[in-house]
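Since the structure comes first, as structure tokens, the remarks are kept for the end.
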Amino acid sequence: MDLIARPARLSCADATFEADFQARLHWSAETDAGIEQRVADILADVQARGDAAVLDYTARFDGLAAAGVAELELTQAELKAAFDGLPAVQREALEAAARRVRTYHEAQKRASGESWSYRDEDGTLLGQKVTPLDRVGIYVPGGKAAYPSSVLMNAIPAHVAGVGEIVMVVPTPKGEKNPLVLAAAHVAGVTRAFTIGGAQAVAALAYGTATVPKVDKITGPGNAYVASAKKRVFGTVGIDMIAGPSEILVLADGSTPADWVAMDLFSQAEHDELAQSILLCPDAAYLDAVQDAIDRLLPTMPRAAIIAKSLTGRGALILTRSMEEACDISNRIAPEHLEVSSRDPHRWEPLLRHAGAIFLGAFTSESLGDYCAGPNHVLPTSGTARFSSPLGVYDFQKRSSLIEVSEQGAQTLGTIAATLAYGEGLQAHARAAELRLKPAP
């Protein structure tokens with residue numbers, strides 16, 4: 001049977017648009033109760049039994065038996081051997097991508113990741129001390145697919161931030177190790193790497209075992225079990241975000257070849273059936289052309305069945321009354337990836353407030369951002385771009401306030417603090433400030 005991909009066709013001018021639009025956007029981030037309970041059991045077991053539990057779950061879920069977790073650790077020599085064993089074209093691509101990602105995050109660190117301070121007129125020093133985390137864990141998905149790009153995007157900003165130790169975990173079902181993933185770990189400067197995955201890997205990183213070191217923060221994408229585990233260990237360790245299905249929104253004026261836009265919609269739809277691909281455009285004929293391109297190109301795609309389910313179940317081609325209205329709708333969606341596919345993307349960019357990453361111009365395909373443009377591809381999803389940001393150097397740093405009050409400054413600040421402290425009924429706070437005041441002459 002021929003596959004058909006029919007994104008919902010909506011028009012902002014229709015009376016039912018608002019209801020249809022909300023129905024298409026709806027996606028529940030709630031995890032299945034059964035998954036939540038199994039994850040809770042796994043976390044508790046790893047916390048109680050450590051390495052033994054990690055070994056049991058790795059054997060059960062990944063079919064990988066080992067006498068000890070130490071056997072599941074990849075050596076630096078193995079990582080380098082994987083890199084050396086790649087075809088030259090893959091080695092060069094990996095190094096080029098890593099270079100660009102590193103350059104971008106080094107610029108990010110210079111812009112926002114340095115300590116600073118200043119002194120008041122009375123000599124009081126105020127500032128902020130920025131320090132890297134001591135140890136972080138990065139989760140790299142394995143199993144159905146391998147993601148060397150995820151290694152680069154998680155490890156490189158941590159490395160640039162100055163993190164002392166980067167611990168990678170990656171599932172290797174039946175012991176099948178992906179050379180590109182191992183090579184990426186070598187290029188990105190991963191300190192230690194273990195072939196474990198799932199909730200048990202998150203638990204090992206969060207609580208520590210005899211073999212796997214406890215980390216300060218866990219980043220990286222994973223399946224529902226990994227997402228649930230990260231939510232549950234938050235507070236014991238930091239986490240980056242809870243990612244939902246992948247999303248792309250293309251804001252088009254009709255000037256980009258329809259085949260290009262259709263393929264850009266495919267690029268996210270092929271991730272999984274719940275991924276969302278939306279096109280906003282004020283030109284009805286262009287929406288027809290994109291649908292025609294979808295029909296023509298879909299049979300050529302290896303993951304056509306997934307793309308068809310994604311586009312039919314969650315995709316949409318939306319006719320707007322103007323590009324300005326398209327920008328307004330985009331801000332309501334706050335997409336993970338936002339392509340501004342127009343002749344003059346800089347005309348519309350100032351109107352766009354909420355997006356994980358904004359791709360400007362017809363030649364800027366989202367896939368370039370996934371692999372090698374430079375900015376991070378770990379992005380907020382499910383509308384969370386309204387209040388959160390891409391993974392970056394700042395996720396691997398913490399900030400401490402610096403305060404050094406001069407004797408002169410203590411006279412002014414002490415009076416202010418004592419007044420407010422008495423108002424709050426905290427006499428010890430007030431007296432601590434007053435004791436530093438000079439006696440009245």
Side-chain angles (χ1 to χ4, degrees), residues 29 97-114 130 132-133 136-141 147-163 166 184 188 217-222 226-227 230-231 234 238-251 264 267-268 271 275-278 330-331 333-340 345 349-350 352-361 364-399:
R99 237 182 351 261
R100 295 186 62 88
V101 173
R102 187 176 300 278
T103 298
Y104 177 87
H105 288 89
E106 285 172 345
Q108 189 179 70
K109 182 182 179 184
R110 289 193 298 273
S112 61
E114 304 292 347
V130 179
L133 304 185
V136 301
I138 64 171
Y139 189 98
V140 179
Y147 296 97
S149 58
S150 285
V151 181
L152 301 183
M153 296 294 179
N154 283 270
I156 288 177
H159 200 269
V160 169
V163 172
I166 302 168
K217 189 168 189 174
I218 300 171
T219 70
V226 172
K230 285 172 66 178
K231 280 193 292 187
F234 176 62
I239 62 172
D240 51 352
M241 63 186 76
I242 302 298
S246 191
E247 306 159 352
I248 186 170
L249 187 150
V250 181
L251 198 160
D264 289 351
S267 71
Q268 295 311 293
H271 276 294
Q276 184 155 64
S277 301
I278 294 175
S330 174
N331 286 327
I333 295 171
E336 178 187 17
H337 307 99
L338 170 57
E339 288 188 2
V340 186
E349 184 270 327
L352 301 168
R353 300 189 309 277
H354 308 307
I358 301 173
F359 301 79
L360 299 171
T364 315
S365 72
E366 180 279 332
S367 57
L368 301 182
D370 273 351
Y371 294 104
C372 58
N376 210 286
H377 78 192
V378 181
L379 303 169
T381 62
S382 307
T384 59
R386 292 176 293 109
F387 54 81
S388 55
S389 307
L391 189 73
V393 169
Y394 39 74
D395 284 295
F396 299 99
Q397 297 172 320
K398 54 187 176 61
R399 288 151 181 79

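Scope of the values below: all heavy atoms of this structure, side chains included, with no hydrogens, waters or symmetry mates. On a predicted model such as this, the values are computed, not experimentally measured, just so you know.
- Under the side-chain hydrogen bond (donor to acceptor under 3.5 Å, both in side chains) criterion, Arg100 pairs with no residue, sequence neighbours left out.
- Checked against side chain to side chain contact (heavy atoms under 4.5 Å, CB included), Pro345 has the following partners two or more places apart in sequence or in another chain: Val340, Ser342, Leu360.
- Contact annotation: the side chain of Val378 never approaches that of Thr219 to less than 4.5 Å [non-hydrogen atoms, C-beta and beyond].
- Ala373 pairs by the side chain to side chain contact (heavy atoms under 4.5 Å, CB included) definition with Pro375, not counting sequence neighbours.
- Under a 3.5 Å cut-off, the side chain of Lys230 and the backbone N or O of Pro221 do not form any donor-acceptor pair.
- Judged as a side chain to side chain contact (heavy atoms under 4.5 Å, CB included), and not counting sequence neighbours, the contacts of Thr384 are Pro380, Phe387, Ser388.
- For Ser246, the side-chain hydrogen bond (donor to acceptor under 3.5 Å, both in side chains) partners at least two apart in sequence or on another chain are Gln268, Glu336.
- For the residue pair Phe359 and Thr364, the shortest heavy atom distance occurs at CB-O, 3.6 Å.
- Looking only at distances, a side-chain donor or acceptor of Glu247 sits under 3.5 Å from a matching main-chain atom of Ser382.
- For the atom pair CG of Leu133 and CD1 of Ile166, the computed distance is 10.5 Å after rounding to the nearest 0.5 Å.
- Across all their heavy atoms, Ala227 and Ile242 have their closest contact at O-CD1, 3.7 Å.
- In this structure Arg353 satisfies the side chain to side chain contact (heavy atoms under 4.5 Å, CB included) test together with Asn331, sequence neighbours excluded.
- Taken to the nearest 0.5 Å, the CG atom of Asp240 stands 5.5 Å off from the CG atom of Leu391.
- Remark: Glu339 CD to Leu249 CG distance equals 9.5 Å, nearest 0.5 Å.
- Looking at Gln108, its side chain never comes within 3.5 Å of a backbone N or O of Gly392 through a donor-acceptor pair.
- Heavy-atom minimum distance, Asn154 versus Phe396: O-CZ, 3.5 Å.
- Residue pairs meeting the side chain to side chain donor-acceptor pair (under 3.5 Å) criterion with at least one partner in residues 372-381, sequence neighbours excluded, are His105-Asn376.
- With rounding to the nearest 0.5 angstrom, the CG atom of Leu251 is 10.0 Å from the CD1 atom of Ile358.
- Heavy atoms only, all atoms of each residue included: Gly222 and Tyr139 are closest at CA-CE2, 4.3 Å.
- Once rounded to the nearest 0.5 Å, the distance linking CD of Glu106 with NE2 of His159 reads 10.5 Å.
- Summarising the geometry, atom OH belonging to Tyr104 is positioned 13.5 Å from atom CD1 belonging to Ile156; distances are rounded to the nearest 0.5 Å.
- Here the shortest heavy-atom pairing between Gln397 and Ala161 reads CG-CB, 3.9 Å.
- Checked against side-chain hydrogen bond (donor to acceptor under 3.5 Å, both in side chains), Ser367 has the following partners two or more places apart in sequence or in another chain: Ser365.
- Partners of Asp264 by side-chain hydrogen bond (donor to acceptor under 3.5 Å, both in side chains), not counting sequence neighbours: none found.
- Counting heavy atoms from C-beta outward, Arg399 and Tyr394 have side chains that approach closer than 4.5 Å.
- Sorted by first and then second residue, the salt bridge (charged side-chain N to carboxylate O under 4.0 Å, His left out) pairs with a member in residues 364-390 form an empty list; sequence neighbours excluded.
- Residues forming a salt bridge (Lys or Arg N to Asp or Glu O under 4.0 Å) with Lys217 (at least two apart in sequence, or on another chain): Asp395.
- Residues Leu379 and Gly356 come closest through the heavy atom pair CD2-O, 3.6 Å.
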